[in-house]
Visitor: 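Pasting a structure below so you can have a look.
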Amino acid sequence: MARNPLHLLGLWVLIIAIAVFALFPFYYAVITSFKSGSQIFRIDYLPVAFDWDNYINVMTQGSFARNLLNSVLVSAVTVAISLLLAVTAAYALARVRFRGRAVLLFTILSVSMFPQMAVLAGLFEMIRAMGLYNTPFALIFSYMIFTLPFTVWVLTTFMRDLPVELEEAAIVDGAKPWQIIFKVFMPLMWPALVTTGLLAFIAAWNEFLFALTFVSNDSQRTVPVAIALLSGASEQEIPWGPIMAASVIVTVPLIVLVLIFQRKIVAGLTAGAVKG
Amino acid sequence: MAGKTQLTREKTAAAWLFLLPMMLILAVVAGWPLLRTIYLGFTDARLSSIASAQWIGFENYLFYLDYGEGDGEWIGLLADPTWWRAVWNTVIFTVISVTLETALGLVVALVLNAEFAGRGFVRAAILVPWAIPTIVSAKMWAWMMNDQFGILNDILVRIGFIGEPIAWTASPDTAMIAVIMVDVWKTTPFMALLILAGLQMVPGDIYEAAKLDGVHPVKTFFKVTLPLIRPAVMVAVIFRALDSLRIFDLIYVLTPGTETTKTMSVYAQEHLFAFDNFAYGSAASTLLFLIIAIITIAYIRIGRLNLGGDK
């Protein structure tokens with residue numbers, strides 16, 4: 001593309017600008033989180049301190065450690081349930097021709113694009129009536145609205161591409177549909193399940209509106225809400241150090257996972273959108 | 001022949017059985033609450049008395065409050081300038097941020113489509129903003145945009161772009177710019193990755209042919225590349241636009257209580273839970289749903305998008 005030295009220079013300026021723009025805010029959060037006391041209010045471009053105070057502070061005071069646990073629990077259970085339901089549903093949608101399949105697929109896609117606000121009032125009423133208010137179940141239950149359509153959709157596009165011969169051979173051997181799913185397709189689906197599960201996990205981990213609405217008890221909150229509500233006595237006393245430490249804690253696991261599964265994630269996002 | 005129909009029938013029955021749990025859950029978690037929200041918008045429900053809500057018709061939407069003797073005023077959602085301000089804010093935010101994200105995403109995708117040492121690193125780097133939770137990005141940027149201790153003001157003052165520090169998030173004039181800045185930072189990677197996937201489907205020999213014919217690269221881009229990746233871009237744009245139209249978390253955390261950034265979702269949430277106006281908030285949620293649905297259908301029709309799959 002760029003043979004001309006001037007073009008090459010232009011390309012590299014762009015590359016560096018993109019990398020710096022993408023990474024700088026997180027880098028700055030990390031170096032801020034290691035500053036303590038009044039150091040925080042000095043603007044430094046390079047790391048100047050390596051103090052774990054903010055981390056110790058955020059993990060031992062208040063309920064942040066508990067909130068982390070809540071987030072792990074809620075996200076993991078949400079993903080497990082969605083995947084289980086999505087695998088069987090995706091088999092039906094991808095491998096069986098039946099009336100109403102197109103309508104059903106379109107409905108699932110519409111639900112995945114739903115504005116959460118449109119169901120908030122009704123969900124709130126229902127969650128209170130079912131006695132789930134202030135429990136992790138309220139979140140696991142309500143998160144199905146975005147994890148389920150997404151996992152069904154991506155797994156359907158994946159299953160559609162599996163060779164038909166596999167299934168035919170199994171049918172000749174007298175396998176039932178559920179045996180086909182769990183004995184024949186499952187072993188081939190691990191990569192797709194890992195990717196879809198990870199993307200659903202990130203979505204559940206990051207969710208804010210439902211978590212803010214359906215839980216009011218500090219100890220029951222998930223981390224996004226806990227971070228949003230970390231505050232000092234006044235506008236001037238916002239505890240930036242602990243906020244940055246908490247931000248780094250909830251972000252590092254995600255970044256590690258995303259970097260490990262990089263290629264698969266890009267493929268999963270593309271399957272969820274472009275191919276869809 | 002009979003055996004085959006038997007088999008097909010069995011398979012179809014199994015398919016419906018497999019679909020049933022998913023359909024039930026979606027009906028309970030999406031369908032029913034949506035209907036209830038619409039219904040509650042026609043009642044006088046309050047947060048503490050949802051169960052005893054009474055039907056009041058369109059009063060939450062539009063109602064003529066008669067003071068007698070020919071005096072009175074129109075009240076309700078449709079007569080509330082704050083609501084229309086929120087609609088306007090949402091549309092402005094969506095148009096500007098999605099346009100910027102598409103333009104920047106295109107640039108990033110073109111760069112990542114070029115061969116250079118360290119391409120894997122840059123692709124990994126742009127995944128970082130995407131992976132960071134929205135609330136965390138809001139806090140990180142709020143700190144960087146702090147009026148006194150923020151590094152953004154420091155950088156901008158040093159390069160002479162601004163004369164004195166700006167209170168980015170607190171000042172009504174710059175709050176929207178701040179929100180758009182964070183949104184663009186966070187979601188351009190998504191755009192770039194989707195466009196990149198489209199770019200990689202363009203066969204390489206097209207560029208070879210254009211080059212042999214001596215076509216200028218810029219012309220090649222507009223005449224060849226852009227039309228070919230248009231479907232991918234259109235789908236990416238609708239996904240992003242739908243996300244922007246319902247934006248809540250970023251604004252709620254970055255610029256709380258600011259009139260100039262209050263979107264439809266923030267407006268609805270405030271009325272539902274902060275102002276004890278549950279029915280009115282439900283009406284706002286319903287209207288939000290309608291507005292987004294109309295925009296989506298119009299976009300799909302105008303763009304002749306094929307979202308149905310089957311390639």
Side-chain angles (χ1 to χ4, degrees), chain A residues 1 11 14-15 18-19 22-23 25-26 28-29 32 41 43 85 88-89 91-92 96 98 102 105-106 109 111 113-123 125-126 141-142 144-145 148 152 177 206 208-209 224 227-228 240 243-244 247 250-251 254-255 258-259 262 266 269-270 273-274 276, chain B residues 11-12 14-15 18-19 21-22 25-26 29-30 32-34 36-37 40 50 108 111 114 116 122 124-129 131-136 139-141 143-144 149 151 154 193-194 197-198 232 235-236 239 242 246 248-249 253 265 268 272 278 281-282 285 288-289 292 307-309:
Chain A
M1 184 178 164
L11 180 68
L14 258 177
I15 292 167
I18 291 170
L23 296 177
F26 186 62
Y28 194 63
T32 305
F41 302 112
I43 296 167
L85 293 170
T88 52
Y91 169 80
V96 184
F98 58 90
L105 269 170
F106 184 76
L109 185 67
V111 175
M113 295 181 177
F114 243 45
Q116 279 172 304
M117 193 55 70
V119 293
L120 191 71
L123 261 179
E125 183 198 22
M126 188 154 74
F141 173 70
S142 58
M144 290 293 145
I145 197 175
L148 198 50
V152 169
N206 295 354
F208 181 70
L209 179 60
I227 290 177
W240 288 110
I243 290 179
M244 290 303 128
S247 299
V250 303
T251 308
L254 290 192
I255 292 185
V258 164
L259 293 187
Q262 232 204 97
V266 174
L269 278 179
T270 321
V274 173
Chain B
K11 213 175 158 187
T12 311
F18 285 152
L19 286 168
M22 176 206 62
I25 290 191
L26 285 186
V29 85
W32 177 250
L34 178 66
R36 283 301 291 178
T37 304
L40 286 166
I50 302 175
V108 175
V111 168
F116 60 89
V122 179
I126 67 158
L127 277 171
V128 169
I132 291 178
T134 308
I135 300 305
V136 171
K139 286 291 183 192
M140 276 171 20
W141 278 88
W143 171 233
M144 295 204 309
F149 315 113
I151 196 165
D154 190 65
L193 290 175
L194 291 192
V235 174
F239 272 79
L242 284 169
R246 62 188 173 193
F248 173 78
D249 39 10
V253 173
S265 289
L272 281 171
F278 202 76
S282 302
S285 303
L288 171 155
F289 179 69
I292 293 183
L307 288 175

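Within every chain, numbering begins at 1; the chains are lettered A, B, ... in the order of the sequence lines, protein sequences first and strands thereafter.
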Visitor: So what's closer than 4.5 Å to chain A heavy atoms on B:L40: side chain, backbone, both or neither?
Guide: side chain
Visitor: Looking only at non-hydrogen atoms, find the nearest pair between B:L26 and A:M144 and report the distance.
Guide: CD2-O, 4.2 Å
Visitor: Could you tell me which of A:I18, A:V111, A:I255, A:L254 has the largest number of non-hydrogen atom pairs under 4.5 Å with chain B?
Guide: A:I18
Visitor: Under 4.5 Å from any heavy atom of chain B, what part of A:Y28 do you find: side chain, backbone, both or neither?
Guide: side chain
Visitor: Any heavy-atom pair between the side chains of B:V253 and A:F208 that's under 4.5 Å?
Guide: yes
Visitor: Kindly indicate, with the supporting measurements, whether the criterion side-chain contact (heavy atoms from CB on, under 4.5 Å) is fulfilled by A:L209 and B:D249.
Guide: CA-CA 7 Å; A:L209 179 60; B:D249 39 10; over 6 Å; no
Visitor: Pick one of side chain, backbone, both or neither for B:I25, based on which atoms fall under 4.5 Å of a heavy atom in chain A.
Guide: side chain
Visitor: I'd like to know which of A:L259, A:L85, A:V152, A:L23 tops the heavy-atom pair count under 4.5 Å against chain B.
Guide: A:L23
Visitor: Taking all non-hydrogen atoms of both residues into account, name the closest pair between A:S247 and B:V136 and its distance.
Guide: CB-CG1, 3.5 Å
Visitor: Nearest 0.5 angstrom please: B:L19 CG to A:T88 OG1, how far?
Guide: 7.5 Å
Visitor: Are the side chains of A:I243 and B:W143 in contact, using a 4.5 Å heavy-atom criterion?
Guide: no
Visitor: Might you point out which heavy atoms bring B:P129 and A:A22 nearest each other, and give the distance in Å?
Guide: CG-O, 3.6 Å
Visitor: For A:L148, which atoms come within 4.5 Å of any heavy atom of chain B: side chain, backbone, both, or neither?
Guide: side chain
Visitor: Can you name the nearest heavy-atom pair linking B:S282 to A:A121, along with the distance?
Guide: OG-CB, 3.4 Å
Visitor: Any chance you could lay out the side-chain contact (heavy atoms from CB on, under 4.5 Å) test for B:F248 and A:L120, step after step, and finish with the verdict?
Guide: CA-CA 12 Å; B:F248 173 78; A:L120 191 71; over 6 Å; no
Visitor: Which atoms of B:V108 come close to chain A, meaning under 4.5 Å heavy atom to heavy atom: side chain ones, backbone ones, both, or neither?
Guide: both
Visitor: Please state whether the side chain, the backbone, both or neither of B:I292 comes within less than 4.5 Å of a heavy atom of chain A.
Guide: side chain
Visitor: Which pair of non-hydrogen atoms, one from A:V258 and one from B:A131, has the smallest distance, and what is that distance?
Guide: CG2-CB, 3.7 Å
Visitor: Considering only heavy atoms, which portion of A:A228 lies under 4.5 Å from any heavy atom of chain B: side chain, backbone, both, or neither?
Guide: both
Visitor: Who wins among A:L14, A:V250, A:L123 for the most heavy-atom pairs under 4.5 Å with chain B?
Guide: A:L123
Visitor: Quick one: of B:I126, B:T12, B:D154, who has the most non-hydrogen atom pairs under 4.5 Å with chain A?
Guide: B:D154
Visitor: Do B:F289 and A:M117 come within less than 4.5 Å of each other through their side chains, counting heavy atoms only?
Guide: no
Visitor: So, taking the atom named CE in B:M140 and the one named CD1 in A:I227, what distance separates them when rounded to the nearest 0.5 Å?
Guide: 11.0 Å
Visitor: With a 3.5 Å distance limit and no angle check, can you tell me whether B:T37 reaches the backbone of A:G122 through a side-chain donor-acceptor pair?
Guide: yes
Visitor: Search all heavy atoms of B:K11 against all heavy atoms of A:Y91 and return the closest pair with its distance.
Guide: CE-OH, 3.7 Å
Visitor: Check whether any side-chain heavy atom of A:F141 sits under 4.5 Å from a side-chain heavy atom of B:V29, and report yes or no.
Guide: yes
Visitor: How long is the span from the CG atom in A:L11 to the CZ atom in B:F116, to the nearest 0.5 Å?
Guide: 6.5 Å
Visitor: Please check: side-chain N/O of B:R36 versus main-chain N/O of A:M126, any donor-acceptor pairing under 3.5 Å?
Guide: no
